[in-house]
Amino acid sequence: AMQQKRLDSFFKPS
Amino acid sequence: MFEARLTEGSLLKKIIEAIKDLVQEANVDCSEEGLTMQAMDASHVSLCSLNMRHGGFDHYRCDRSISLGLNLANLGKILKCAGNDDVVTLKAEDEPDTLTLMFESPNQERISDFELKLMDIETEHLGIPNEEYKCTISMPSGEFQRIVRDLAVIGETCIITCTKEGVKFSVSGDLGNGNVTVRQSSAADGDEKDQVKIQMEEPVTLNFALRYLGFFTKATPLGSTVKLHMSPDVPIVVEYPIDGIGSISYFLAPKIDE
């Protein structure tokens with residue numbers, strides 16, 4: 001099934 | 001002291017309308033360069049980034065960088081008190097508890113001021129790399145809004161496929177399925193702002209939640225053009241340039257088949 005990714009898994013906190 | 005004056009005050013109304021359904025609270029950072037805001041939605045699936053350059057304001061002064069913690073729904077309520085033709089001025093002290101908004105009618109016959117209480121907002125700031133995307137699509141913002149609205153009736157997820165020939169938006173749901181393809185305009189096709197332009201290094205296909213794309217299209221009144229930036233397996237950027245002042249960009253994480 002399609003899973004909605006979260007932004008945190010692409011961009012790191014600065 | 002912070003002071004920013006916008007002759008076209010309705011721009012500020014449109015900007016808040018474009019953000020407030022996605023993000024409830026946000027810090028607006030004011031510096032010499034201008035205003036910026038970065039905020040994620042509650043589920044951390046999407047992010048809204050606003051950039052307003054100081055040069056886009058009719059008057060701009062910021063002696064010390066400050067952060068304004070805003071409840072956007074409440075700011076929207078106050079901005080509703082401004083007339084569409086009003087000049088809007090924002091003011092805050094160096095260590096502000098409130099943001100002052102002043103509205104002036106074009107003929108100066110009516111001047112009002114409001115104070116909005118500021119909040120302490122703890123937010124996570126994400127570092128977004130300045131990346132070259134494999135596909136950049138420029139299209140009329142109204143066309144994009146229509147596609148998102150139409151497809152959302154049929155299903156929850158939109159497959160966006162970009163090739164040199166065009167961009168295909170596909171959806172499937174319980175009642176059936178649908179596709180809308182917009183093709184790259186030829187140079188002879190009318191107005192610049194009505195054109196579909198595709199810059200592509202390699203074709204990209206990605207899946208996105210239509211619900212979020214729908215939130216982003218609240219920015220449609222801000223400009224005639226929207227730009228979609230896509231690369232494989234990374235968030236899409238839906239960018240609305242705001243003439244002469246900056247832009248509002250939305251990032252949305254893809255849905256991935258696991």
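Below, chains carry the letters A, B, ... as their sequence lines are ordered, and counting in each starts from 1. Here the structure is a predicted model, which means the values were calculated and not measured.
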Inset, instruction - Find the one option among B:P129, B:A209, B:S46 whose heavy-atom pairs under 4.5 Å with chain A are most numerous. - result: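 Result: the option with the highest number of such pairs is B:S46.
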
Legend entry - chain A interface, residue from B:T157, B:L126, B:L47 that has the most non-hydrogen pairs under 4.5 Å: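 Sorted descending by pairs with chain A, the first entry is B:L126.
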
Inset, instruction - Test B:Y212 against every option in B:V238, B:D41, B:V148, B:I236 by the side-chain contact (heavy atoms from CB on, under 4.5 Å) rule and name the one that passes. - result: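 Only match with B:Y212 under side-chain contact (heavy atoms from CB on, under 4.5 Å): B:D41.
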
Legend entry - Pair B:E239, B:H229: side-chain N/O donor-acceptor within cut-off below 3.5 Å: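 Note: B:E239 and B:H229 side chains meet the donor-acceptor criterion.
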
Inset, instruction - Indicate yes or no for a side-chain donor-acceptor contact from B:T123 to the backbone of B:H125 under 3.5 Å, with no hydrogens or angles considered. - result: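 Side chain of B:T123 to backbone of B:H125, a donor-acceptor pair under 3.5 Å: no, none is there.
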
Legend entry - B:S43 versus chain A, the contacting section by heavy-atom distance below 4.5 Å: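 Answer is backbone: N, CA, C or O of B:S43 sit under 4.5 Å from chain A.
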
Inset, instruction - Mark yes when over 12 heavy atoms from residues, nucleotides or ligands other than B:E32 sit less than 6.0 Å from its CD; otherwise mark no. - result: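 Incorrect, the count does not exceed 12.
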
Inset, instruction - Tell me, for A:K12 versus chain B, whether the close heavy atoms (under 4.5 Å) come from the side chain, the backbone, both or neither. - result: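 When you check distances to chain B, only backbone atoms of A:K12 fall under 4.5 Å.
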
